[in-house]
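Structure first, then comments.
Bear in mind that the values here come from a model prediction, so they are computed numbers and not experimental data. Chain naming here is simple, since letters A, B, ... match the order of the sequence lines and numbering starts at 1 in each.
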Amino acid sequence: MSDASSPDASAGEPTEEAAAGTSTTGEPEATPLRVEGLEKRFGGITAVDGASFVVEEESLTGLIGPNGAGKSTTFNCITGIHRPDGGRVTFEGEDVTGLRPHAIANRGLVRTFQIARELDEMTVLENLMLAPRGQVGENLGYAVLPGLRDQVVEQETDLREAVWETLEFFEIDHLAGEYAGNLSGGQRKLLELARALMVEPDMLLLDEPFAGVNPTLEEKLLDRIHQLREEGLTFLLVEHDMDVIMENCEHIIVMHQGTVLAEGDADDIRSDERVIDAYLGGEV
Amino acid sequence: MSDRQLDVREAVDTVVERLGPVVERIFARDISMILVAMLGIYVLFTIFGFLLIPSDALVGGLANTLQRVTFLTAVYAMLVLALNLHWGYTGLFNIGVAGFMAVGVYTVAVLTNPTTASPPGLGVPMAFAATLPIDPGVAHFLGLLFSVLVGMLAAAVVGAIAAVPALRLRADYLAIVTVALSEIIRLSLLSTTLQEFTLPVAGVELGTGAGRGINLPTNPVRAIYYNDPTNTAAGLTPVGEAIFPAVDAVGINSTVVVGWTYTLFLILVVAGFYWLLVRIGNSPFGRILKAIREDEEVAQSLGKDTRVVKVKVFMVGCALMGLAGILWEGSKGFTDPTSTTFLPLQTFYVFIALIIGGAGSNTGSVLGGALFASLLFEGPTFVARIFSEYLELDTAPRTFAEAFGELFALDPTPMLAYGLENISALRFVLLGLLLIVLMQYRPEGLLGHRTEEAAAVDLRDRSPAAAADGGGGDE
């Protein structure tokens with residue numbers, strides 16, 4: 001509801017908005033995402049044990065690690081799904097540790113899920129229309145009262161256009177009226193990314209965006225991601241598939257047993273003995 | 001003069017032009033669906049009437065029967081619509097519908113009963129009539145209206161009290177909390193401690209009447225026909241003078257006329273409920289409701305504060321349930337906690353009606369309410385009466401075992417007689433069977449799973465105006 005006063009702004013190109021958003025945060029030290037000493041325990045198990053890393057502005061950063069390394073838990077702690085037991089998460093210079101998920105998303109840090117979680121009984125269009133921030137019609141009064149509803153209709157008309165453009169960008173406009181539950185696995189991944197973009201994020205956290213996606217579609221998704229990054233978005237990717245990360249990310253973070261094992265570009269990571277150990281037989 | 005007529009006609013035309021498409025879009029197919037269903041129900045009950053009512057009382061009897069069916073349809077439609085907002089749209093499993101109705105009804109009862117009555121109330125309408133500088137009758141009515149609004153508010157607040165802690169937890173906890181709350185409310189109303197008591201603050205005397213029940217205000221539609229709504233002996237209003245003799249000539253009783261008037265008013269209220277739900281559903285707020293039903297965590301990760309939305313929608317639904325309860329019990333002028341309206345069973349009925357109609361669909365909710373009220377609730381008794389009327393059956397056996405035993409003697413009539421005698425209990429068997437069949441063959445109900453887009457505009461129609469200012473695409 002933060003930008004409820006400017007319905008037109010939220011209806012514009014998601015990518016343009018994101019670019020405008022990043023340019024205003026001029027301070028050099030305002031790194032999009034900084035994680036310091038993050039800890040999360042479930043009963044006796046320590047899932048994340050003091051992980052620290054930084055994601056640079058407008059970068060495509062990869063987060064990899066063997067099963068159980070704590071990647072997903074780290075993601076959940078950053079995005080507010082879990083409340084961390086220790087450490088700090090800062091987004092664009094502001095402490096967001098332990099905020100609730102919706103508050104974090106409203107600051108422009110938006111995530112997708114490992115298993116695409118579509119809103120099955122909602123159409124593709126509804127899925128996308130749900131996402132934009134600052135919709136006046138999210139207030140019950142505006143939605144219902146005769147005098148105020150005109151504003152909602154006006155905003156909805158603008159949002160509809162933005163939604164259709166996003167659908168075209170991802171080439172899923174032919175599925176617009178389809179129930180999300182009827183989409184194939186790959187189409188769901190596209191929809192999920194499209195939906196996250198409709199929030200007009202400054203940074204996107206993608207949890208295994210290529211899992212179960214065929215090579216052609218993977219290519220398509222990667223194309224979009226690169227294009228969006230050039231337009232100013234910052235990405236943090238969690239992936240199992242080492243090759244995708246190695247080929248596409250300029251900065252790679254390797255997690256193992258809840259901590260950051262190594263950081264660097266693809267060549268650094270390839271030649272790192274500890275990483276090879278962790279993946280090829282170190283204790284899990 | 002002719003100019004003015006023209007102006008008026010033009011104005012009417014523009015209004016019709018502007019409203020026409022809107023009305024058409026909302027009601028085009030759906031209203032006809034409901035009308036056809038009602039027509040079918042009327043035909044069926046007219047046939048029942050022909051079979052049961054002696055021909056000299058036929059018109060009056062039919063008018064009475066159809067009024068009762070329509071009335072029940074209307075109250076169930078309201079309740080089902082309110083529950084549809086909770087369960088159909090948002091997926092909130094509220095099984096305390098009866099409790100929220102009771103809160104509304106009893107709030108109105110306590111507010112409107114005269115301070116001198118037993119149990120004493122707050123006498124709000126009388127206070128309005130005494131203090132407002134307008135016609136006492138109108139002021140009294142305003143006081144009544146005010147009490148009804150407070151009743152709705154009370155139901156909403158009780159809803160919030162139940163929801164705020166429970167909605168933070170998993171969905172099933174809300175179900176437990178609401179069913180427990182509705183029983184706590186009902187048993188508190190039965191408690192003699194609250195039968196008559198003095199408020200520690202201000203020393204105001206109040207009471208719920210406990211098991212003895214409590215009076216509700218006189219139905220205000222009576223004021224249309226009677227000079228004094230509480231006393232028929234005080235004479236008729238001009239409207240009453242005109243209508244009563246006319247309908248009496250065809251054999252329709254004056255109470256049936258009053259009943260029909262109230263029922264027509266209820267139909268308007270159902271239309272209001274429907275309108276409100278369509279507005280709520282077809283909006284960004286409605287999209288969040290749907291998203292909460294589908295996957296709340298996704299909604300949160302897209303920046304929606306789902307807790308606040310859930311509490312809001314829960315309160316709105318509870319207020320509507322309260323109003324439905326007030327309008328239902330209000331027709332009787334009296335209520336007590338043993339009334340079936342407040343039993344947990346009632347919640348179950350409303351759920352069945354919603355399941356039949358199709359959770360998530362407003363039109364389905366109204367249809368479900370109509371079919372439940374007529375075919376399942378009223379129908380079986382009529383069928384049983386027809387059987388007993390036309391079949392010469394012996395006295396029914398006292399137990400099922402006795403009736404069952406007779407089957408071995410190849411005599412089915414004792415079993416039939418037993419069934420007819422216990423038709424109101426066997427209705428539950430019928431309901432259970434129906435639920436099983438529905439779950440097997442049509443779990444989404446009659447109209448569930450329809451593509452009704454939750455948006456204030458038609459999403460598939462990209463109007464050229466919007467496309468023009470949206471500018472060129474990305475590619």
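Contacts of A:Ile81 with chain B are made by side-chain atoms alone, with heavy-atom separations under 4.5 Å and no backbone atom involved. Neither the backbone nor the side chain of A:Ala176 comes within contact range of chain B; no heavy atom of the residue lies under 4.5 Å from a heavy atom of that chain. Interface remark: A:Val153 contributes backbone and side-chain atoms alike to the contact with chain B (heavy atom separation under 4.5 Å). For B:Val316, the part lying near chain A is the side chain, with the backbone staying farther off; criterion is any non-hydrogen pair under 4.5 Å. Using a 4.5 Å cut-off between heavy atoms, A:Arg195 contacts chain B through both its backbone and its side chain. Heavy atoms of A:Leu145 lying under 4.5 Å from chain B belong exclusively to its backbone.
For chain B, the option among A:Arg111, A:Glu192, A:Met129 with the highest count of heavy-atom pairs below 4.5 Å is A:Met129. Residue with the most contacts toward chain A among B:Thr306, B:Asp295, B:Val308: B:Asp295 (heavy-atom pairs, distance under 4.5 Å). With chain A as the partner, the residue from B:Leu276, B:Asp458, B:Val309, B:Val313 showing the most heavy-atom pairs under 4.5 Å is B:Asp458. Most heavy-atom pairs under 4.5 Å with chain A, from the set B:Pro284, B:Ala455, B:Ala454, B:Ala291: that is B:Pro284. Looking only at heavy-atom pairs under 4.5 Å with chain B, the residue among A:Val163, A:Val144, A:Ile104 that has the most is A:Val144. Counting heavy-atom pairs closer than 4.5 Å to chain A, the top-ranked of the candidates B:Ala299, B:Gly360, B:Gly286, B:Ser301 is B:Ser301.
With sequence neighbours excluded, the residues forming a ring-ring contact (aromatic ring centres under 6.0 Å, His included) with B:Phe314 are B:His86, B:Phe100, listed by chain and number. With sequence neighbours excluded, the residues forming a salt bridge (Lys or Arg N to Asp or Glu O under 4.0 Å) with A:Lys220 are A:Glu171, listed by chain and number.
Exactly one of A:Ile78, A:Val96, A:Val55 qualifies for a side chain to side chain contact (heavy atoms under 4.5 Å, CB included) with A:Phe91. That residue is A:Val96. Residue A:Leu175 forms a side chain to side chain contact (heavy atoms under 4.5 Å, CB included) with just one option from A:Leu183, A:Leu191, A:Leu190, and that option is A:Leu183.
Between A:Pro201 and A:Ala196, the shortest heavy-atom distance links the atoms CD-O, 3.5 Å. Residue A:His82 comes nearest to A:Lys40 through the heavy atom pair CB-CE, 4.1 Å, listed as atom of the first residue, atom of the second, then distance.
Rounded to the nearest 0.5 Å, atoms CG (B:Leu354) and CG (B:Asn84) are 5.0 Å apart.
Not less than 6.0 angstrom separates the ring centroid of A:Phe113 from the ring centroid of A:Phe75.
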